[in-house]
Amino acid sequence: MAQGKYARIDNNRRQQPPSNNYCSTVTIVVFVALCLVGVWMMTSSSIVPGQNVDMPIPKTGKNDVKDQNPHEFDNVDVHKDQKEKKPEETYQHKYDKKPSKMPEPKLDEKPEEKPKEKPIEKTTTSSEAQPENKDLNENTSEEDKSSLYQNKRKHDLADSIKASNDKTGESEVEKVNESQVVEKGAKKDKNEVSNQSPGEQFPSGAQAELTNETSTENGSWSTQAMESKNEKDTQESDKELVVYNWKSCNSTAGPDFIPCLDNWRAIKNLRSTMHYEHRERHCPEEPPTCLVPLPEGYRRPIKWPNSRKKARKSCYILQIWYSNVPHTELVEYKGHQNWVKVAGRYLVFPGGGTQFKHGALHYIDFINENVPDIAWGKHSRVILDVGCGVASFGGFLFDRDVLAMSLAPKDEHEAQVQFALERGIPAISAVMGTLRLPFPGKVFDVVHCARCRVPWHIEGGKLLLELNRLLRPGGYFVWSATPVYQKKPEDKEIWKAMSKLLETMCWELVTRVRDRLNGVGLAIYKKPMNNSCYEKRSVQDPPMCEASDDANAAWNVPLQTCMHKVPIDSLQRGSRWPEQWPARLDKTPYWMLGSEMGVYGKPQPEDFVADYEHWKRVVSKSYINGMGINWATVRNVMDMRAIYGGFAAALKDMNVWVMNVVPIDSPDVLPAIYERGLFGIYHDWCQSFSTYPRSYDLMHADHLFSMIKQKCKIVPLVVEVDRILRPEGKLIVRDTAEVVSELESILRSMQWEIRMTYNKDNEGLLSAQKTMWRPKEFETLDYGMMT
């Protein structure tokens, strides 16, 4: 029969000879030993009284494991939990990274560092126990004298030890050893934590007897090398926990600082700005670790939809606090076009634009009336608005169940994207320059340009060909600009050049019409659904892209003057249009194949469904009602590590929109997110995100920080979260317990309010809220100074 962890003592007792002489000898030896102990106790000042065997041995010190509370799982039926594990818990394990990528050491490697524990772990039968006992005697020849006192009580403990042996097996020896390893700072396997009962986490009195006999303070016969290494690691860890000395950023941009767009040192060194290179991303070598200050008089943003007060039919007024975005350049420059006006303490947005002075809704409906196949909110769900201004077009498209990714550069039209985000409208700071936009190919249903000031026709149509990459086959390009309807010589020339270019690109002119109310005109083109037109061209200009050119590659990839072919395989993405909205939200994309493995190791269709079901449970059971979040204050949401868009889809009934960020080191699932009628962007979280400070109400990070720690520092990422999130905004983190603990320490040092933390099975959950606190001391960022 397999022996338990205390088999060595029990074997000593069972194999004692029955001889009376032997018993007499033992009695004499014990008596002498007791005498020696008495003398030793009276003469030594360092003797510690024997511990009560009925109490667990308390362990204290800086290496104690915080979440090893002996009462934490008192009410949990561990075996039942293993058999009937909740669906979201099971799925969460599959979401974690592979063990080979985890930063912490594996427990199964520890015995190699402590070879003297191996004989104990291999104890399985009584015949093997005797040699093992011999090893113990050899290894403990200079054991602490207190073991003599313990030997006196072996006979009294025999029955309890035997009972313990009957109930435990080889696994218990391993659990004690693992517990000692954890107390030195190593991580437990998350399944091992759930498999331990309270008694297994902290040994009972009889178990502690053996623990004292065979272990040092920090583990079973630890080597000096291991002790020294662990102490050095602990000291380094302690340094990281106490060196946070926060300062506010001093830069030319002040409260509006965007590190990768306000790097003036890099901008000054550019060889050319002809292609808007100065509006593109130029990230500093080291991301900032200072905190962006608040504008003077900053206030909590006006709630959505209260920021949209209905004045009369088909006209809305959107307003924000002037003190939050104190810029009046656009008021002076675009006020006559109903972009924005100042009204006391508010900035008011009447809903107009350069091409729709009398309101965006009329303009939106006018497009649909002239091309009914666009079918806002059904056939057309996700659009790209280039040169969006203050994004009133995208804002009013919400009324038609359409999501607009609005983009504009950070230029002389100061804060136009910030105006949009402050009003609860999706927008990013970006420019069509020399690089591809950070989106996959063939994902947007419609691309819109209303006086966007982009020279589409120059240099072989390179910028227009980028739209061709982004536009879904069969998608529409809505172009509203003066060349469409004015007769000035320059406008005529541009129209002629554009018409020729679009014809060679095989885009069909669906309509060219004039809006009498706004006094403007627009032209609407359609991208082909097949390659027949491309094949019939007499001149291959623009040329077709090489087969090796990946249309989805978009992170820091230079623009190409070529066109990608339309997919012809019925199982390829882009070969047909997605389901109509809202059915496409729940529908598994037709191009996800059961023969291909998904992110979580299941066939792709099963993976997609499982992800959605998982996040529906998490959002409904935990996030909506279980975390104390007032969702009435939440409008702009960011999922910092999106997988299939399940989290965003689970929020479909909430009055929010979600920016799904797919890190460049994660599986490229962004096309699937667009396919279901959501949107997102690629990003490298070792760099700053292209948005203004205080842009989002809630940020969600599922195992992002542990992933980022493998390639860059975690503190700058936390600082970036602080920059993006609004005061009183919320952060939800799901990650390893180690990472959650580290984040909690950092956020507390930044004066954030920790609303909730929870650890189980080495997995952690954190909910925190940013406060208004800003450091009074400043750090000047040389690269962020214009002069």
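Everything numeric here is computed off the predicted structure, so don't read it as measured data. Position 1 is the first residue of the sequence, and the numbers go up from there.
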Between [X] (side chain only) and [Y] (backbone N and O only), is there a donor and an acceptor less than 3.5 Å apart?
X: Ser248; Y: Pro775; answer: yes
X: Asn759; Y: Ala737; answer: no
X: Asn636; Y: Asp697; answer: no
X: Asn552; Y: Pro440; answer: no
X: Asn250; Y: Phe778; answer: no

Closest contact, heavy atoms only, [X] versus [Y]:
X: Gly784; Y: Ser251; result: O-CB, 3.7 Å
X: Ala642; Y: Ile673; result: CB-CD1, 3.9 Å
X: Pro693; Y: Gln418; result: O-NE2, 4.3 Å
X: Gly424; Y: Trp657; result: O-NE1, 3.1 Å
X: Leu670; Y: Asn660; result: CD1-O, 4.1 Å
X: Leu403; Y: Leu678; result: CD1-CA, 4.1 Å

Is there a side-chain contact between [X] and [Y], using heavy atoms and a 4.5 Å cut-off?
X: Ser745; Y: Tyr244; result: yes
X: Leu291; Y: Trp773; result: yes
X: Ile681; Y: Val662; result: no
X: Tyr644; Y: Thr588; result: no
X: Leu747; Y: Leu766; result: yes

Does a salt bridge link [X] with [Y], judged by any charged N lying under 4.0 Å from a carboxylate O?
X: Asp665; Y: Lys711; result: yes
X: Asp256; Y: Arg694; result: yes
X: Lys770; Y: Glu753; result: no
X: Arg726; Y: Glu728; result: no
X: Arg734; Y: Glu763; result: no

Polar contact flag, side-chain donor to acceptor under 3.5 angstrom, [X]-[Y]:
X: Arg774; Y: Gln751; result: no
X: Asn324; Y: Glu422; result: yes
X: Asp262; Y: Tyr783; result: no
X: Arg723; Y: Ser688; result: yes
X: Trp752; Y: Thr771; result: no
X: Asp735; Y: His703; result: no

- Message: Run Ile624 and Trp631 through side chain to side chain contact (heavy atoms under 4.5 Å, CB included) and show every step you take.
- Response: CA-CA 8 Å; Ile624 299 299; Trp631 286 89; 4.0 Å; yes
- Task: List for me each residue that meets ring-ring contact (aromatic ring centres under 6.0 Å, His included) alongside Phe689, sequence neighbours excluded, and say none if there are none.
- Result: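 Phe689 satisfies ring-ring contact (aromatic ring centres under 6.0 Å, His included) with His683, Trp685 once adjacent residues are dropped.
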- Compute both the distance and the angle, then confirm whether Lys616 meets the cation-pi test with Tyr612: under 6.0 Å from the six-membered ring centre, within 45 degrees of the axis.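 Verdict for Tyr612: a cation-pi partner in Lys616.
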- Query: Quick one: is the NZ or CZ of Arg641 closer than 6.0 Å to the six-membered ring centre of Phe647, and within 45° of its axis?
  - Reply: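 Checked: cation-pi criterion not met.
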- Task: For this output row, return yes or no: ring centroids of Phe439 and Trp555 closer than 6.0 angstrom.
- Result: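 No, too far apart.
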